[in-house]
Colleague: 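Sending over a structure as structure tokens; questions will come in a sec.
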Amino acid sequence: MTTLAHDVAPLTADHPAFSVVICAYTEERWQDLGRAVRSVLAQRLQAQEIIVVIDHNQPMLERFETEFPAVRVIANAETRGLSGARNSGVAVAAAPIIAFLDDDAEADEGWLHGLAEAYRDEHVLGVGGEIIPDWDAGRPRSFPAEFHWVVGCSYEGLPRTPSPVRNLIGANMSIRRDVILDEGGFRTDVGRVGKRPLGCEETDLCIRARSRRPEGEFLYEPKARISHRVPRERSGIRYFLARCWAEGLSKAIVAQESGTRAGLSSERAYVLKTLPRGIARNLGDTLRGDPAGLARAAAIAVGVATTALGYAEGRRRAKRPSETRGGEHA
């Protein structure tokens with residue numbers, strides 16, 4: 001990642017400064033991107049700057065410059081994909097805290113204020129908030145809340161009060177800039193490229209940061225809310241299975257690098273506690289007259305099995321020296 005050529009604004013206890021980075025790659029989400037930008041402009045706690053990073057799409061960059069002249073826009077200077085775009089935004093940011101918002105999300109007007117409070121503690125490395133799904137076609141009754149992570153949203157099992165977590169969720173997260181730089185940024189061999197539903201780049205960075213700073217922590221702050229659009233094509237079974245499979249592949253890469261203890265620490269509690277409770281609750285809903293409860297319980301079982309199979313495949317590929325990660329994510 002390139003080094004800043006200008007000074008970084010100081011972080012004060014009463015008013016932490018944020019650079020908000022929004023990454024975009026396709027004009028198919030143009031209306032979404034506009035809503036995301038306007039939601040940041042409407043914050044009660046104003047960002048020091050908004051940086052929109054366009055991922056290897058020059059016509060889109062030029063269009064944004066024309067239609068949003070007051071907002072800074074840059075091109076992704078790294079490898080194509082979300083990780084490279086985020087790194088490019090961090091490289092030019094001026095504030096000591098970087099907040100990331102997805103291009104198809106809208107922030108509540110108190111979003112930055114909700115993220116800011118925790119940074120009064122110097123041991124807080126980053127803060128993430130609640131991500132509420134905004135279903136284009138209405139939430140499918142068969143979609144279990146425990147698997148809202150499939151559509152990039154907060155899921156059943158996350159804390160309901162401000163609490164330490166292993167990692168943040170990329171659609172709504174903020175991290176101290178020096179933490180990101182010290183770790184060399186987000187890994188570009190992990191994470192989403194275009195529409196391929198891979199992920200875990202933020203998980204990897206959070207694990208590496210905690211390893212370097214064992215006294216530090218990442219926090220989940222539910223009152224820092226955003227809504228995240230879920231298009232119709234992401235609410236069906238095909239995307240559900242593809243995303244679960246891809247999550248398993250991505251988790252295998254993270255576990256290979258950081259070890260299974262760190263790489264799967266949150267997943268163990270999720271599988272052993274959250275999912276059994278979800279199955280029991282949804283079966284109970286079925287007995288109480290909700291026929292979709294059985295479908296939700298089945299979706300939990302199928303989802304965890306598909307993720308496990310993806311993880312096993314990822315581990316198998318990692319043992320084959322002829323297969324490189326670069327080839328997998330090209």
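Residue numbers run from 1 in the order of the sequence given.
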Colleague: Would you name the heavy atoms of V92 and R72 that are closest together and state the gap between them?
Modeller: O-NH1, 3.4 Å
Colleague: Does the side chain to side chain contact (heavy atoms under 4.5 Å, CB included) test come out yes or no for N282 and D285, once each step is laid out?
Modeller: CA-CA 5 Å; N282 285 297; D285 289 344; 3.8 Å; yes
Colleague: Do the side chains of R80 and D55 get nearer than 4.5 Å, heavy atoms only?
Modeller: yes
Colleague: Before giving the answer on side chain to side chain contact (heavy atoms under 4.5 Å, CB included), spell out for C200 and I253 the whole-Å C-alpha distance, their side-chain angles and the decisive distance to 0.1 Å.
Modeller: CA-CA 9 Å; C200 291; I253 295 174; over 6 Å; no
Colleague: Indicate yes or no: at least one non-hydrogen side-chain atom of E130 is less than 4.5 angstrom from one of K223.
Modeller: no
Colleague: Taking all non-hydrogen atoms of both residues into account, name the closest pair between Y311 and A255 and its distance.
Modeller: OH-CB, 3.8 Å
Colleague: Can you spot which of R166, R86, R208 makes a salt bridge (Lys or Arg N to Asp or Glu O under 4.0 Å) with E202?
Modeller: R86
Colleague: Just by modelled atom types, is the E49 backbone N or O under 3.5 Å from a matching donor or acceptor in the S19 side chain?
Modeller: no
Colleague: Can you tell me how far CZ of R225 sits from CD of E106, rounded to the nearest 0.5 angstrom?
Modeller: 15.5 Å
Colleague: Roughly how far apart are C206 SG and I169 CD1, rounded to 0.5 Å?
Modeller: 10.5 Å
Colleague: Which distance, rounded to the nearest 0.5 Å, do you find between the CD1 of I22 and the CG of L33?
Modeller: 6.5 Å
Colleague: Without swapping roles, check the side chain of T286 against the backbone of L294 for a donor-acceptor pair under 3.5 Å.
Modeller: yes
Colleague: Determine whether a donor-acceptor pair (N or O, by modelled atom type, separation under 3.5 Å) exists between the side chain of S211 and the backbone of I207.
Modeller: no
Colleague: Please report the shortest heavy-atom distance between I97 and P16, naming the atom on each side.
Modeller: CD1-CB, 3.8 Å
Colleague: Judged by atom type as modelled, is there a donor-acceptor pair below 3.5 Å linking the side chain of S174 to the main-chain atoms of V127?
Modeller: yes
Colleague: Which pair of heavy atoms, one from P222 and one from P162, lies closest together, and at what distance?
Modeller: CD-N, 3.8 Å
Colleague: Answer yes or no: is there a donor N or O on one side and an acceptor on the other, between the side chain of H56 and the main chain of E78, under 3.5 Å?
Modeller: yes
Colleague: Looking only at side-chain N and O atoms, does T274 offer a donor or acceptor that is under 3.5 Å from a partner on Y155?
Modeller: no
Colleague: Does some side-chain heavy atom of D104 sit less than 4.5 Å from a side-chain heavy atom of D134?
Modeller: no
Colleague: Is any side-chain heavy atom of R213 closer than 4.5 Å to a side-chain heavy atom of E183?
Modeller: yes
Colleague: Any non-hydrogen side-chain atom of L101 less than 4.5 Å from a side-chain atom of S39?
Modeller: yes
Colleague: For W245, is there any backbone N or O sitting under 3.5 Å from a side-chain donor or acceptor partner on T306?
Modeller: no
Colleague: Got a donor-acceptor contact below 3.5 angstrom from the H228 side chain to the G152 backbone?
Modeller: yes
Colleague: Considering all heavy atoms of both residues, which atom of S88 and which atom of V53 are nearest to each other, and what is their separation?
Modeller: CB-CG1, 4.2 Å
Colleague: Could you go through the side chain to side chain contact (heavy atoms under 4.5 Å, CB included) check for W111 and N172 one step at a time?
Modeller: CA-CA 9 Å; W111 173 57; N172 178 6; 2.6 Å; yes
Colleague: Just wondering, do Y220 and L158 contact through their side chains at under 4.5 Å, heavy atoms?
Modeller: yes
Colleague: For the residue pair W149 and F147, does the interplanar ring angle fall in the parallel (under 30°), tilted (30 to 60°) or perpendicular (over 60°) class?
Modeller: tilted
Colleague: Could you tell me whether the side chain of Y119 reaches within less than 4.5 Å of the side chain of P96, counting heavy atoms only?
Modeller: no
Colleague: Return the minimal non-hydrogen interatomic distance between I98 and R177, and the atom names on each side.
Modeller: CG1-CB, 3.9 Å
Colleague: Is a salt bridge present between R141 and D290, judged by a nitrogen-to-oxygen distance below 4.0 Å?
Modeller: yes
Colleague: In sequence, state the C-alpha distance, the side-chain angles, and the governing distance for V20 and L112, and then conclude on side chain to side chain contact (heavy atoms under 4.5 Å, CB included).
Modeller: CA-CA 9 Å; V20 175; L112 287 180; 4.1 Å; yes
Colleague: Has D108 got a side-chain atom pairing as donor or acceptor with G110's backbone, closer than 3.5 angstrom?
Modeller: yes
Colleague: Kindly compute the distance separating CD (Q43) from CZ (F18), expressed to the nearest 0.5 Å.
Modeller: 9.5 Å
Colleague: Near R139 CZ, under 6.0 Å, is it more than 12 heavy atoms from other residues, nucleotides or ligands?
Modeller: yes
Colleague: State which residue, out of K273, R296, R281, fulfils the salt bridge (Lys or Arg N to Asp or Glu O under 4.0 Å) condition with E146.
Modeller: R281
Colleague: Taking R277 for the side chain and G157 for the main chain, is one N or O donor matched with an acceptor at less than 3.5 Å?
Modeller: no
Colleague: Using 0.5 Å steps for rounding, measure from the CG atom of L82 to the OH atom of Y25.
Modeller: 10.0 Å
Colleague: What is the ring orientation for H148 with F143, classed by angle as parallel under 30°, tilted 30 to 60°, or perpendicular over 60°?
Modeller: tilted
Colleague: Would you find a donor on one side and an acceptor on the other, under 3.5 Å apart, between the side chain of Q46 and the backbone of L41?
Modeller: yes
Colleague: Measuring from atom OG of S227 to atom CD1 of I132, what distance do you get when rounded to the nearest 0.5 angstrom?
Modeller: 7.0 Å
Colleague: Heavy atoms, side chains only, cut-off 4.5 Å: are F64 and L61 in contact?
Modeller: no
